[in-house]
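This report concerns only the one structure given below.
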2 protein chains.
Amino acid sequence: MLRGDITRAIRDAVMTELAVVGYGRLSIEAVARRAGVGKTAIYRRWSNKLEMVLEIVSDVAGRSVPLPDTGSFAGDLQLLLMIVSRALQHRIASQIIPDLMAEASRNPQIAETLQKALRTHQQAVGDKLIGQAVARGELPAGTDPELAVDLLLGPLYWRLAVARTPLPDDYLDKMIEAVTAALKATG
Amino acid sequence: MLRGDITRAIRDAVMTELAVVGYGRLSIEAVARRAGVGKTAIYRRWSNKLEMVLEIVSDVAGRSVPLPDTGSFAGDLQLLLMIVSRALQHRIASQIIPDLMAEASRNPQIAETLQKALRTHQQAVGDKLIGQAVARGELPAGTDPELAVDLLLGPLYWRLAVARTPLPDDYLDKMIEAVTAALKATG
DNA sequence: GAACGGCGGAACGCAACCGTTACGTCCTGG
DNA sequence: CCAGGACGTAACGGTTGCGTTCCGCCGTTC
C-alpha cells in the first residue's frame with residue numbers, strides 16, 4: 001500500500017544526501033525535505049537512519065559488476081577495468097563509496113553490509129578472472145587471485161575515489177599491460 | 001601564554017576523536033571532554049571546528065615519509081613499502097585518513113590541506129624513486145612516475161585502509177616483484 | 001601582595017534534529 | 001458513497017552542539 005513513487009523519491013534523496021553531506025551528517029529531516037516528502041512517510045518504511053541507509057545502499061550495490069568472459073585474459077581485463085572505472089567515475093558513487101568505507105571502519109553493521117554487497121562479489125569476479133586465465137595458460141598456476149584483485153582495483157580506486165585525478169586516455173591500456181606483467185611475474 | 005600541555009591534550013583529543021567518530025560528527029564539546037579541558041581553552045586557540053582540524057591535521061601530516069635512496073630500486077621500493085604499510089596500519093592513521101579523504105571530496109579547504117600535506121609529497125617521492133631507477137638503468141626511460149605511484153600506493157591503500165585486510169607475510173615481497181615487473185613492462 | 005591572564009565550569013540563547021503524534025486531505029476499493 | 005490508509009504539515013518534548021559569557025581559582029610576574 002506504500003506508494004512506489006514516494007519510496008523511489010526517498011531512495012533517490014538518500015543517495016543524493018549521502019553524496020552531499022555523507023553518512024555522518026545525514027539527517028532524516030534533510031532526506032524528507034529533499035524528497036519532498038513528510039518524515040512520516042520515511043518512518044512508515046524504516047525505523048531509523050541506519051536501517052534506512054543499509055537497506056537502500058545494499059539494494060543499489062547489489063546490482064553489481066557482471067563476471068566477464070571474453071575469451072582472453074587481456075579482453076577480460078579490459079572489460080573489467082572499463083566497467084569499474086566507469087562506476088568509480090560516477091559522481092554519486094565516487095562520493096558515497098569512500099564515505100561509507102570510512103564509516104564502515106567504525107560501524108560493524110555498515111561494514112558487514114558493504115562486505116556482502118561489494119567485497120565478496122569483487123573477490124568472486126577476481127577468482128573467476130584469474131581462474132580462467134590460468135586454465136587458458138595465460139597466467140602461471142600459482143597466481144594469487146587476492147593479490148590480483150588488489151593490483152587491479154587498488155590503483156583505480158586510489159586514483160578515482162581517493163586522489164580524484166582524471167584518467168589520461170591511455171591510462172587503462174597502460175594498467176592492463178602493467179597488471180598483466182605483474183601477475184605473470186608473481187606466479 | 002597559552003599552556004603547552006593543554007594545547008597538546010587538545011591536539012591528541014582531536015586526533016582520537018577524528019578516529020572514533022570522524023570529521024562529520026566531531027564536536028568541540030566532545031574534544032573538550034576528552035581532553036579534560038574547558039571549551040574556552042579551545043576557542044582561545046582556534047575560532048572554529050574546521051580551522052582547528054585543518055591546523056592540527058596538516059601539522060601532523062606534515063611530518064611525512066622520507067625520500068628513500070638505498071642505492072637500488074628494489075631496496076628503495078622495499079623501504080618505501082615498509083614505511084607506507086606501517087603508517088597505514090597505525091590504528092589512528094588508518095581511521096583518520098580515509099575519513100578525511102572522503103570529507104575532502106566535499107570540502108575544498110580540507111581537500112587543499114590534504115593535497116599539500118600528503119599528495120604533493122607522495123608524488124615527489126615517486127618522482128625521485130623512479131628518476132633514480134631510470135638513471136641507474138633499472139627502469140626504461142619512459143616510465144611514468146604517476147602511474148608508478150598509483151601502482152605502488154593504490155593496492156596498499158586499498159587493502160589496508162579500505163578493505164582492512166591484514167597483510168600476509170610475503171605480501172610486500174610479492175608486491176615488490178609485481179610492481180617492478182609492471183613498471184618494466186610499461187616503459 | 002597585587003594585578004594579570006589562562007584555566008575549568010556552568011550557563012546562556014539559538015539552531016538542528018530526533019522519533020512521535022494529531023490533524024486534515026486525497027485516492028482507492030468495495 | 002463511504003471506510004481505510006497513505007500522504008503532507010505542524011507541533012511536540014528531548015537531546016546535542018554551537019559560539020559566547022561570566023565566574024572563581026590559581027600560578028606567574030613584577
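Naming convention: chains lettered A, B, ... in sequence-line order (proteins, then strands); numbering from 1 in each chain. Below, each value reflects all heavy atoms present in this structure, side chains not excepted, and no hydrogens, waters or symmetry copies.
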With a 4.5 Å heavy-atom cut-off, do A/Leu114 and A/Ile110 have their side chains touching? yes
Between A/Arg11 and A/Glu55, is the closest basic N to carboxylate O distance under 4.0 Å? yes
Heavy atom of residues 6-17 of chain B under 4.0 Å from DNA chain C: which residues? B/Ile6
Determine yes or no for a side-chain-to-main-chain donor-acceptor pair under 3.5 angstrom, with B/Arg159 supplying the side chain and B/Arg164 the backbone. no
Check the distance between C/dT20's C1' and A/Trp46's CH2 and give it to me in whole angstrom. 18 Å
Distance test, side-chain N/O of A/Arg45 to OP1/OP2 of D/dC7, below 4.0 Å: yes
Looking at B/Arg3, I'd like to know whether one of its side-chain N or O atoms comes within less than 4.0 Å of OP1 or OP2 on C/dC7. no
Rounded to the nearest Å, what distance is computed from the CG atom of residue A/Leu2 to the C1' atom of nucleotide D/dG4? 14 Å
Would you mind checking if A/Glu17 and A/Arg33 are paired as a salt bridge, meaning a charged N to carboxylate O distance below 4.0 Å? no
A/Leu167 and A/Leu172: side-chain contact (heavy atoms from CB on, under 4.5 Å), yes or no, with the steps? CA-CA 8 Å; A/Leu167 292 188; A/Leu172 288 187; 4.1 Å; yes
Taking the side chain as everything from C-beta on, heavy atoms only, tell me whether A/Asn107 gets closer than 4.5 Å to A/Leu50. yes
For the residue pair A/Trp158 and B/Tyr157, does the interplanar ring angle fall in the parallel (under 30°), tilted (30 to 60°) or perpendicular (over 60°) class? perpendicular
A/Arg34 has an atom CZ; how far is it from atom C1' of D/dG8, in whole Å? 19 Å
Between B/Lys174 and A/Asp150, does at least one N-O distance fall below 4.0 Å, as a salt bridge requires? no
In the 5'-to-3' direction, what one-character label does each nucleotide of nucleotides 13-30 of chain D receive under the scheme B = base within less than 4.0 Å of a protein heavy atom, S = sugar-phosphate only, - = no such atom? ----SBBBBB--------
